[in-house]
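Below is one structure, written out as structure tokens, with a few remarks after it.
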2 protein chains.
Amino acid sequence: MTKAKERILDTASRLFHQQGYNSTGINEIIAEANIAKSTLYQHFASKDQLCIAFLERRHEQWFTQLRAVVEAKERGQSQLLALFDFVMQMNEKEQYRGCSFLNILSEISVQNQSAILQVIQQHKTDLQNYIKSVTQETHAHLADHIYFLFESAIIESQLYREQAPVLKIKNIVTSLL
Amino acid sequence: MTKAKERILDTASRLFHQQGYNSTGINEIIAEANIAKSTLYQHFASKDQLCIAFLERRHEQWFTQLRAVVEAKERGQSQLLALFDFVMQMNEKEQYRGCSFLNILSEISVQNQSAILQVIQQHKTDLQNYIKSVTQETHAHLADHIYFLFESAIIESQLYREQAPVLKIKNIVTSLL
DNA sequence: AATAAAACAGACAAGTCAGTACGATTTTAC
DNA sequence: GTAAAATCGTACTGACTTGTCTGTTTTATT
């Protein structure tokens, strides 16, 4: 990946995540990334395609970070609880902007945007499977339950701009184990 | 409320909910509501104010419908399970568009929109309290837990456009009671 | 040093955005 | 029937939208 393309993706990622997809204009992206508009359209066919590239890269990076936090702990309950430490870490790092995937899900009208929808669904399915794999030998039947609470933890802390809901949910999960 | 104002709110509500706040233009609203633009701005100072009016009215109507579904059941566990029947009902009626409040939360950049944020937070706080009141004598300590699962039920069914997650969560809740 | 690829600046299209202004017309109330 | 209030139509502002196009300059490779 050339430097320009990387700068475009970095900037678009930051802006899409911070202020939303529809509220971020192409002109804003090229201005902040310090590239020419033609350069952007040489790398990405449209704003939609840029969005998909953003989501796909975020998917990779997000999971890499999640795995790092979870797999630093020993297998078992502490790994499950680490899921929520990760949420708190991301809340701080990204000022409670929540989940990029769910945020964009709220912005798109589904009928025309099934390519984007597919990327979002895949991300969440992968997350659900990852939680299953972490839960594996301990309390297999709880995996979905913990996934649902994980989703709530992200959303409720985005809504109230505080870690309290995550802590509440972490306590609930503890009581389930 | 005059008929024009009502028509504006009806149309704006439908469009905001179906296609999102930022994707819905004032011109689209006045065209579909069959009113003059000056009439809209006589009733609502700005698009933001129209958004707040929309959320406040939806808050009322949404709770009225929720209460109707829940309080048709006898007090106790069946009322708690009815919460999720309500989610399924809304999913069908509104084609899995999820929660208007969370959708708009994803669209706004928080620093400038604290008035809107406040309405959204109030809605969720009221919901949390309502679930507490329904849970009251049966399993008081579970109220928050059920609230978090309720939120997930809405979001996951919006994401996958199907009732399956609600049914899964309803089963989880059953196992908790 | 020559060639090819990448990025550059900037103008342009064609449309949409929220919001204002103003005079004309209709509806409502007394 | 008259007066007041509501609504109407329409044009307009000024800024912003995504995307295209032309031609120039920079960068990297050989």
Side-chain angles (χ1 to χ4, degrees), chain A residues 1-55 103-104 106-117 119, chain B residues 1-55 103-104 106-117 119:
Chain A
M1 177 149 45
T2 63
K3 274 171 192 165
K5 188 170 181 181
E6 213 159 347
R7 232 176 321 138
I8 295 168
L9 257 183
D10 285 345
T11 308
S13 296
R14 182 168 46 83
L15 295 178
F16 285 165
H17 186 70
Q18 274 174 6
Q19 44 189 340
Y21 176 66
N22 286 322
S23 303
T24 301
I26 292 288
N27 293 323
E28 200 179 352
I29 295 172
I30 65 168
E32 291 215 22
N34 265 87
I35 51 135
K37 189 179 280 195
S38 33
T39 305
L40 188 150
Y41 280 99
Q42 201 168 322
H43 288 292
F44 304 97
S46 66
K47 197 187 173 190
D48 274 15
Q49 286 304 114
L50 179 56
C51 178
I52 289 177
F54 154 60
L55 290 176
N103 286 339
I104 286 181
S106 292
E107 290 205 57
I108 61 175
S109 58
V110 174
Q111 52 266 37
N112 312 328
Q113 306 281 14
S114 62
I116 293 179
L117 177 63
V119 178
Chain B
M1 176 146 50
T2 63
K3 275 172 190 161
K5 188 169 181 181
E6 213 159 348
R7 234 178 319 140
I8 295 169
L9 257 183
D10 284 345
T11 308
S13 297
R14 181 167 47 83
L15 295 177
F16 286 164
H17 186 70
Q18 275 175 5
Q19 45 187 330
Y21 176 66
N22 286 322
S23 303
T24 301
I26 292 286
N27 293 323
E28 202 179 349
I29 295 171
I30 65 168
E32 291 214 23
N34 264 88
I35 51 136
K37 190 180 278 197
S38 32
T39 305
L40 187 150
Y41 280 99
Q42 201 166 323
H43 289 293
F44 304 97
S46 66
K47 196 187 173 190
D48 275 13
Q49 285 305 114
L50 179 57
C51 179
I52 290 177
F54 153 60
L55 290 176
N103 285 339
I104 286 182
S106 292
E107 290 205 56
I108 62 174
S109 57
V110 174
Q111 51 267 36
N112 311 329
Q113 306 280 13
S114 63
I116 293 179
L117 178 62
V119 178

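Residue numbers begin at 1 in each chain, while the letters A, B, ... track the order of the sequences.
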Here the pair of heavy atoms bringing A:E107 nearest to B:S106 is OE2-O, 4.3 Å

Please determine whether a side-chain nitrogen or oxygen atom of B:H43 lies at a distance below 4.0 Å from atom OP1 or OP2 of D:dA6. no

Angle by which the axis turns from one end of the helix from C:dA1-D:dT30 to C:dC30-D:dG1 to the other, five pairs per end, to 10 degrees: 30°

Treating primed atoms plus P, OP1 and OP2 as sugar-phosphate and everything else as base, which nucleotides of nucleotides 21-30 of chain D get B, S or - for protein heavy atoms under 4.0 Å? B---------

For D:dA6, does either OP1 or OP2 sit under 4.0 Å from a side-chain N or O belonging to B:T39? no

Within this structure, what is the CZ-to-P distance between B:R7 and D:dT7, rounded to whole angstrom? 8 Å

Sequence neighbours excluded, the answer for ring pair (Phe, Tyr, Trp, His ring centres under 6.0 Å) partners of B:F16 is B:Y21, B:F54

Go through residues 13-28 of chain B and report each residue with a non-hydrogen atom lying under 4.0 Å from DNA chain D, sorted by number. none

Minimum-distance pair of heavy atoms, taken over all atoms of A:L15 and A:T24: O-OG1, 3.4 Å

For residues B:R7 and B:T11, report the shortest heavy-atom separation together with the two atoms involved. O-OG1, 2.8 Å

Between C:dG19 (P) and B:Q42 (CD): distance, integer Å: 16 Å

Pairwise salt bridge (charged side-chain N to carboxylate O under 4.0 Å, His left out) hits with a residue in residues 13-35 of chain B, at least two apart: B:R14-B:E32

What pairs with A:K37 under side-chain hydrogen bond (donor to acceptor under 3.5 Å, both in side chains), at least two apart in sequence or on another chain? A:N27

Rounded off to whole Å, could you give me the CG-to-C1' distance for the A:L40 and D:dG19 pair? 10 Å

Send over the distance from A:I30 CD1 to D:dT17 P, rounded to a whole Å. 11 Å

Does some side-chain heavy atom of A:I52 sit less than 4.5 Å from a side-chain heavy atom of A:D48? no

Under 4.5 Å between any side-chain heavy atoms of A:L50 and A:I8, yes or no? yes

Under a 4.5 Å cut-off applied to non-hydrogen side-chain atoms, are A:N22 and A:I108 in contact? no

Should the pair B:K47 and B:Y41 be classed as cation-pi, given the thresholds of under 6.0 Å to the six-membered ring centre and 45° from the axis? no

To the nearest Å, give me how far apart CD1 (B:I35) and C1' (C:dT26) are. 16 Å

A:E6 CD to C:dA7 P, in whole Å, measures 11 Å

Give me the atom names and distance for the closest heavy-atom approach of B:L40 to B:I29. CD1-CG2, 4.1 Å

Rounded to the nearest angstrom, tell me the gap between atom CD1 in B:I29 and atom P in C:dA18. 8 Å

Nearest whole angstrom, please: distance from the C1' of C:dA13 to the OH of A:Y41. 13 Å

